[in-house]
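The residues of the chain are indexed from 1 along the displayed sequence.
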Amino acid sequence: MSTQAIRLPAGTEDPVRAVSVISTGSVEIHPEHAHGTKKPLYWWLLTSRRWLPPRPINVYVVEHANGLVLFDTGQDRASVTDPSYFPGGFSGVVYDRLAKFHIGADETLDAQLGTLGYSVNDVDKAVISHLHQDHIGGIPQLSGDLLITPAEWAELSGFSPEARGFLRAHIDVPGRRWKHVRFTPTDDPGLAPFTEMYDVMGDGSIVLLPTPGHTPGSMSMLVRRRDLPPLLMVGDLTYEAGLLERRQLPGVGDRGELGRTTDQVLALAEHLPGLVILPAHDPTATQRLINSSRRPA
């Protein structure tokens, strides 16, 4: 699977100068994971023998007039080269059954940012949709602000975080600049039905929205471009935009919360014509981002 970075300019008068997608490798997951199932999670996780084709581990890069912003940080290559990266015991079995990762030496966050002419040192802010392993891989390399919801951070202190998908040793890294996102009430009609938001850059162009379900503190990022369709990066709320549009819920997370959040996102799409949904692992995300950035002739 190609991981070539795609830069899509938004316009010289737009504070959002360009939006790009890079990929830190690829991942195979079970059909039940992406498409949902009525089977209990551990049952299908431990018994499923089918794997879907590899799908990207996307990181979205927003070049704003006032700084470089990432949405998620991808997967750490150490996860496929260091046998001690994941816990042992039953938790280790669960991680092994959950996903198969493929990450080349040229698919690190820094290497992929380099294809855009940047490095990890240029990143001002990184929004972490949630704290699962394939979204936190670049944290040890970043010196800018790391934005996370308090609800998601609290998962690190809950019962057996590693067994629930939160690898604290790779998240709570000394010297990192964590910033807890405090959502504030909004009556912005362009965000309905969402009633809370967080303005990343202070100009309304990059807005965070609470989208729990996959994890309790998951959030999404809305990028509003002046003359191009808006973009909504949703992390793992869904694994393909088409599945979300059909309200087909994934197999990992709180099903009730996933349903409520999915309904909110679908309602937002009705209020924002042309809204482009960009999941973290959607194989079609790159092409849909390209299509959304084509200006009329």
Q: Take D188 and R224, measure what salt bridge (Lys or Arg N to Asp or Glu O under 4.0 Å) needs, and give me the verdict at the end.
A: CA-CA 13 Å; D188 183 341; R224 298 191 277 194; 3.1 Å; yes
Q: Mind checking whether H35 and L52 have side chains closer than 4.5 Å, heavy atoms only?
A: yes
Q: Could you check if a side-chain atom of L289 sits within less than 4.5 angstrom of a side-chain atom of Q287, using non-hydrogen atoms only?
A: no
Q: Salt-bridged, D145 to K125, with N to O below 4.0 Å?
A: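 Answer for the salt bridge query: yes.
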Q: Side-chain heavy atoms nearer than 4.5 Å, only ILVMFWY residues, links allowed to pass through others: does that put V21 and L244 together?
A: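 Cluster IDs for V21 and L244 differ.
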Q: What pair of heavy atoms forms the shortest contact from L272 to P230, and how long is it?
A: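 Of all heavy-atom pairs spanning L272 and P230, the closest is CB-CG, 4.2 Å.
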Q: Assess whether ring-ring contact (aromatic ring centres under 6.0 Å, His included) is satisfied between Y95 and F86, documenting all intermediate values.
A: CA-CA 7 Å; Y95 280 100; F86 293 107; 5.2 Å; yes
Q: Looking at OH of Y239 and CG of L249, how far apart are the two atoms once the value is rounded to the nearest 0.5 Å?
A: 12.0 Å
Q: Does S293 form a side-chain hydrogen bond (donor to acceptor under 3.5 Å, both in side chains) with R225? I'd like the steps, not just the answer.
A: CA-CA 10 Å; S293 299; R225 303 175 292 180; 2.9 Å; yes
Q: Are V223 and L275 connected in a single hydrophobic cluster, I mean Ile/Leu/Val/Met/Phe/Trp/Tyr linked by side-chain heavy atoms less than 4.5 Å apart?
A: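 L275 and V223: separate clusters.
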Q: Do NZ/NE/NH1/NH2 and the carboxylate oxygens of E107 and R77 come within less than 4.0 Å?
A: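 Salt bridge between E107 and R77, a charged N being under 4.0 Å from a carboxylate O: no.
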Q: Testing the 3.5 Å rule here: is there a donor-acceptor pair between the side chains of T215 and H130?
A: no
Q: For a quick test of reading the model, state the closest non-hydrogen atom pair linking S91 to P87 and the distance between them.
A: CB-CG, 3.9 Å
Q: Calculate, to the nearest 0.5 Å, the distance between atoms CG and CG belonging to L209 and L232 respectively.
A: 6.5 Å
Q: Establish whether Y60 and I277 are linked, either directly or via other cluster members, by ILVMFWY side-chain heavy-atom contacts under 4.5 Å.
A: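 No, because Y60 and I277 fall into different hydrophobic clusters, even though each may have its own neighbours under 4.5 Å.
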Q: Could you state the interatomic distance from CZ (R288) to CG (L231), rounded to the nearest 0.5 Å?
A: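 If I round to the nearest 0.5 Å, the distance is 10.0 Å.
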Q: Determine, step by step, whether D124 and H64 satisfy the side-chain hydrogen bond (donor to acceptor under 3.5 Å, both in side chains) criterion, reporting the C-alpha distance in whole Å, the side-chain angles of both residues, the deciding distance to 0.1 Å, and the verdict.
A: CA-CA 10 Å; D124 292 279; H64 188 276; over 6 Å; no
Q: Test D236 against every option in H33, H132, H135 by the side chain to side chain donor-acceptor pair (under 3.5 Å) rule and name the one that passes.
A: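 Result for side chain to side chain donor-acceptor pair (under 3.5 Å) with D236: H135.
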Q: My understanding is that only one of P279, P283, P250 makes a side-chain contact (heavy atoms from CB on, under 4.5 Å) with E240; could you say which?
A: P283
Q: Do any N or O atoms from the side chain of S48 and from the backbone of L45 form a donor-acceptor pair under 3.5 angstrom?
A: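 No: the side chain of S48 does not pair with the backbone of L45.
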Q: Apply side-chain contact (heavy atoms from CB on, under 4.5 Å) to residues D72 and V127 and explain how you reach the verdict.
A: CA-CA 6 Å; D72 285 330; V127 175; over 6 Å; no
Q: Run Q75 and T24 through side-chain hydrogen bond (donor to acceptor under 3.5 Å, both in side chains) and show every step you take.
A: CA-CA 6 Å; Q75 178 87 354; T24 61; over 6 Å; no
Q: Hey, mind stepping through V181 and I148 against side-chain contact (heavy atoms from CB on, under 4.5 Å) and telling me if it holds?
A: CA-CA 6 Å; V181 168; I148 191 72; over 6 Å; no
Q: First locate atom CG of D282, then atom CG of N58, and finally report the distance between them rounded to the nearest 0.5 Å.
A: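 Nearest 0.5 Å value for the CG-CG distance: 8.0 Å.
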Q: Where do H281 and P56 come nearest, in terms of heavy atoms and distance?
A: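 Nearest heavy atoms, H281 then P56: ND1-O, 2.9 Å.
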Q: Near W51 CH2, under 6.0 Å, is it more than 12 heavy atoms from other residues, nucleotides or ligands?
A: yes
Q: Tell me, with the steps shown, if R55 and E28 meet salt bridge (Lys or Arg N to Asp or Glu O under 4.0 Å).
A: CA-CA 6 Å; R55 55 188 57 227; E28 297 176 57; over 6 Å; no
Q: Which residue is it: V94, L98, V252? I am looking for the one with a side-chain contact (heavy atoms from CB on, under 4.5 Å) to L41.
A: V252
Q: What pair of heavy atoms forms the shortest contact from G213 to L258, and how long is it?
A: C-CD2, 3.6 Å
Q: Whether the side chain of S129 engages the backbone of G235 through a donor-acceptor N/O pair (distance < 3.5 Å, no angle test) should be reported.
A: no
Q: Quick check on F90: does its CZ atom have over 12 non-hydrogen neighbours (other residues, nucleotides or ligands) under 6.0 Å away?
A: yes
Q: Is there a side-chain contact between V265 and T262 in this structure, where contact means two heavy atoms from C-beta onward sitting under 4.5 Å apart?
A: no
Q: H30 side chain to R50 main-chain N or O, any donor-acceptor pair under 3.5 Å?
A: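 Side chain of H30 to backbone of R50, a donor-acceptor pair under 3.5 Å: yes, one is there.
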Q: Tell me whether L278 is reachable from M221 by hopping between hydrophobic residues (I, L, V, M, F, W, Y) whose side-chain heavy atoms are closer than 4.5 Å.
A: yes
Q: Roughly how far, to the nearest 0.5 Å, is the CG atom of L146 from the CH2 atom of W178?
A: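 Separation between the atoms: 5.0 Å.
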Q: To the nearest 0.5 angstrom, please state how far the NE2 atom of H214 sits from the OG1 atom of T261.
A: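 Between atom NE2 of H214 and atom OG1 of T261 there are 12.5 Å.
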Q: Does CG in D187 sit with more than 12 non-hydrogen atoms of other residues, nucleotides or ligands closer than 6.0 Å?
A: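 Open: at most 12 neighbouring heavy atoms sit under 6.0 Å from CG of D187.
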Q: Report the C-alpha separation of L243 and E245 in whole Å, then their side-chain angles, then the decisive distance to 0.1 Å, and conclude whether the side-chain contact (heavy atoms from CB on, under 4.5 Å) test is met.
A: CA-CA 5 Å; L243 295 175; E245 290 165 2; over 6 Å; no
Q: What is the minimum heavy-atom distance between A192 and H271, and which atoms define it?
A: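 Nearest heavy atoms, A192 then H271: O-ND1, 2.8 Å.
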Q: For a 4.5 angstrom cut-off between non-hydrogen side-chain atoms, does Y198 reach T149?
A: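 SC-SC contact between Y198 and T149 ruled out.
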Q: Is any side-chain heavy atom of Y85 less than 4.5 Å from a side-chain heavy atom of L167?
A: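 Yes, close enough: below the 4.5 Å cut-off.
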Q: Heavy-atom distance under 4.5 Å between the side chains of L222 and I206, does that happen here?
A: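 Not in contact.
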Q: Test of understanding: clusters of I, L, V, M, F, W, Y form through side-chain heavy atoms closer than 4.5 Å, transitively. Do V93 and W44 belong to the same one?
A: yes
Q: Flag the pair Y118 / D110 as yes when at least one side-chain heavy-atom distance between them is below 4.5 Å, and no otherwise.
A: no
Q: The test is salt bridge (Lys or Arg N to Asp or Glu O under 4.0 Å); show your working for R164 and E155 and say whether it passes.
A: CA-CA 9 Å; R164 293 181 292 106; E155 292 298 299; 2.6 Å; yes
Q: Could you point out which residue of V59, T108, D122, V123 forms a side-chain contact (heavy atoms from CB on, under 4.5 Å) with L113?
A: V123
Q: So if I apply the side-chain contact (heavy atoms from CB on, under 4.5 Å) rule between S292 and each of V276, L228, V19, which one comes out positive?
A: V276
Q: In a check of side-chain contact (heavy atoms from CB on, under 4.5 Å) between F194 and each of V207, T211, T186, which one passes?
A: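 Among V207, T211, T186, the one meeting side-chain contact (heavy atoms from CB on, under 4.5 Å) with F194 is T211.
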Q: Looking only at non-hydrogen atoms, find the nearest pair between G217 and E152 and report the distance.
A: N-OE1, 2.9 Å
Q: Give the intermediate values and the outcome of side-chain contact (heavy atoms from CB on, under 4.5 Å) for residues D14 and D227.
A: CA-CA 8 Å; D14 196 325; D227 300 317; over 6 Å; no
Q: Quick one about R176 and S143 (side-chain donor to acceptor, distance below 3.5 Å, no hydrogens or angles considered), yes or no?
A: no
